[in-house]
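Data block below; observations after.
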Amino acid sequence: MARKKKSISETSTELVEDSAAVIEAVEEKQAYPELAECLSKLNERLEVLGYILRDTNAATINLKEPEKIVEYAILGSEALEAGQEISQLFNLGEFRCAIVERKETKALCFLINENRINVFMKKDADHAEILSNVRE
Amino acid sequence: MNNEAYTFALDNTIREIKNVCPEVTNIFIFEENAHTIAKDQNTDQYAINRTVDAFNAIKEKAETSDSFEALTIEGSEGRVNIAPINNFYLATVTSREADDKFVSSLTRILVPTVVKLVDQLHPADLRSNDTFMAAEEELVEEPLQEPMQEPSEYAYEKETLEEAEQVEHETSVVEEDSVGEVAESVNEVHVEDVEENGLVLPEPPVSQVIVESLGRFQLKSDTVRIDDSIISLWNELYGDRTILEVDLDALNGKTVRCKFSHIKDSKYQGKGVIQMPDKIQAALETCKGKLIEVKPVVE
């Protein structure tokens, strides 16, 4: 299956607004290389469809279906923002994660420090195990 | 269907869910258009509106290439789950101590059951209300339009199957045009009935019986004789309600409303037969040995 991995210096919102930013991606050093490495290992699993990792100045996108980059980037960004907002509205304490379940797939969206992480996986994947794996 | 009926039923359901499971801190049900169907007292409308807006934004993005199923948000002190249930969305907020599987099982069984129950109750009310109104209109209109065409002894004959279908079609058109108004009035009637009487009358049971002739020279030509077991079933169902007449439906679509009494001849008791004067047989275009349906007219 075709794979796409690139690091870019734009946030996901900018990704959507300006697709040229995706094409003209600039390699930058990740602030948390161990996190990127962990996600990269996770991506080798069959049930994982890919991930998007964003920190303050770079984004790493690694998707098994690169044509879905825009869809996944928007979904991940929206889920994180909405998750944080709803979390505050109902006093859920510190935001841990948002899980968007769809018929075939699901998205796990969470924060580690200033890193915004979206992991996309098949519906039957164990998102709790993946989350604890990355958080370790 | 008007949402008031759902609100009435689901508000109570939500209250019970919170009683059973105190770890559920907030719970509300909303429609896709953001209209709130039911909510618990702890949840303010502002929080619901913001949640629904955020949820709709995610749902819209999630449905690009796959159909949306559920959203879960986890915090250090609790979690929010929003999932579709029937035509609505159920949002539950639980504390960290909650047993998520228990809450999920409880809500995903209880809420759809109540929604289904309301769905089942109200179309039945709507239909019986329309049928009743149509029958009333006919009773008023028939003598004015064609006063001399029917023989006086068959004046109790009702519409044919074709006419009934036409009425049904017309009422369904009216339903589509002003479904809100009709449903609202039905809901009001239903809620009042439930509140005042504590129950809703069951639909009249339909019994299939075989026609037996009562004889050509019976004095009461507008009265059929029915098995005691059928009459006692009606009495059990409707208690003190008065049942003076029955509706007879022949399989050819002919319908007659007439008086009834008990079968006096013991050899016909418990045989599933109806004794019928020749004139009513003629009106129904049926005869001895044919199957017809009988149901009580409950006052």
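Heavy atoms only: backbone and side chains are in, while hydrogens, waters and symmetry mates are out. A note on names: the letters A, B, ... follow the listed sequences, proteins ahead of strands, and every chain is numbered from 1. Treat the numbers as computed from the prediction; the structure is a model and nothing was measured.
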- If you take all heavy atoms of A/Glu78 and B/Ala57, which pair is closest and at what distance? OE2-CB, 3.5 Å

- Message: Regarding A/Lys123 and B/Glu69, does a basic nitrogen lie under 4.0 Å from an acidic carboxylate oxygen?
- Response: yes

- Task: Using heavy atoms and a sub-4.5 Å threshold, report which of residues 35-47 of chain B line up against chain A, by residue number.
- Result: B/Thr43, B/Tyr46, B/Ala47

- Message: Suppose a student defines contact as a heavy atom less than 4.5 Å from any heavy atom of chain A. Which residues in residues 15-29 of chain B would they list?
- Response: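 Within residues 15-29 of chain B, near chain A: B/Asn26, B/Phe28.
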
- Can you run down the side-chain hydrogen bond (donor to acceptor under 3.5 Å, both in side chains) pairs that involve residues 84-95 of chain A, sequence neighbours left out, and say none if there aren't any?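 Residue pairs passing side-chain hydrogen bond (donor to acceptor under 3.5 Å, both in side chains), neighbours aside: A/Glu85-B/Arg50.
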
- Query: Are B/Leu71 and A/Ile99 close enough, and set up right, to give a side-chain contact (heavy atoms from CB on, under 4.5 Å), and what steps lead you there?
  - Reply: CA-CA 6 Å; B/Leu71 169 68; A/Ile99 303 125; over 6 Å; no

- Message: Taking B/Ala62's backbone N and O only, do any of them form a donor-acceptor pair with A/Arg102's side chain (distance below 3.5 Å, no angle check)?
- Response: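 Confirmed, A/Arg102 side chain pairs with B/Ala62 backbone.
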
- What part of A/Lys106 gets closer than 4.5 Å to chain B, counting heavy atoms only: side chain, backbone, both or neither?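 No part of A/Lys106 comes within 4.5 Å of chain B.
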
- Side chain, backbone, both or neither: which part of B/Arg79 has a non-hydrogen atom closer than 4.5 Å to chain A?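 Answer is backbone: N, CA, C or O of B/Arg79 sit under 4.5 Å from chain A.
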
- Residue B/Val93 versus chain A: region with a heavy atom under 4.5 Å: side chain

- Straight-line distance of A/Ile86 CD1 to B/Ile73 CD1, nearest 0.5 Å: 3.5 Å

- Message: Please list all pairs meeting ring-ring contact (aromatic ring centres under 6.0 Å, His included) that have one or both residues in residues 83-134 of chain A, counting only residues at least two apart or in different chains.
- Response: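 Applying ring-ring contact (aromatic ring centres under 6.0 Å, His included) to every pair that reaches into residues 83-134 of chain A, excluding sequence neighbours, yields A/Tyr72-A/Phe120.
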
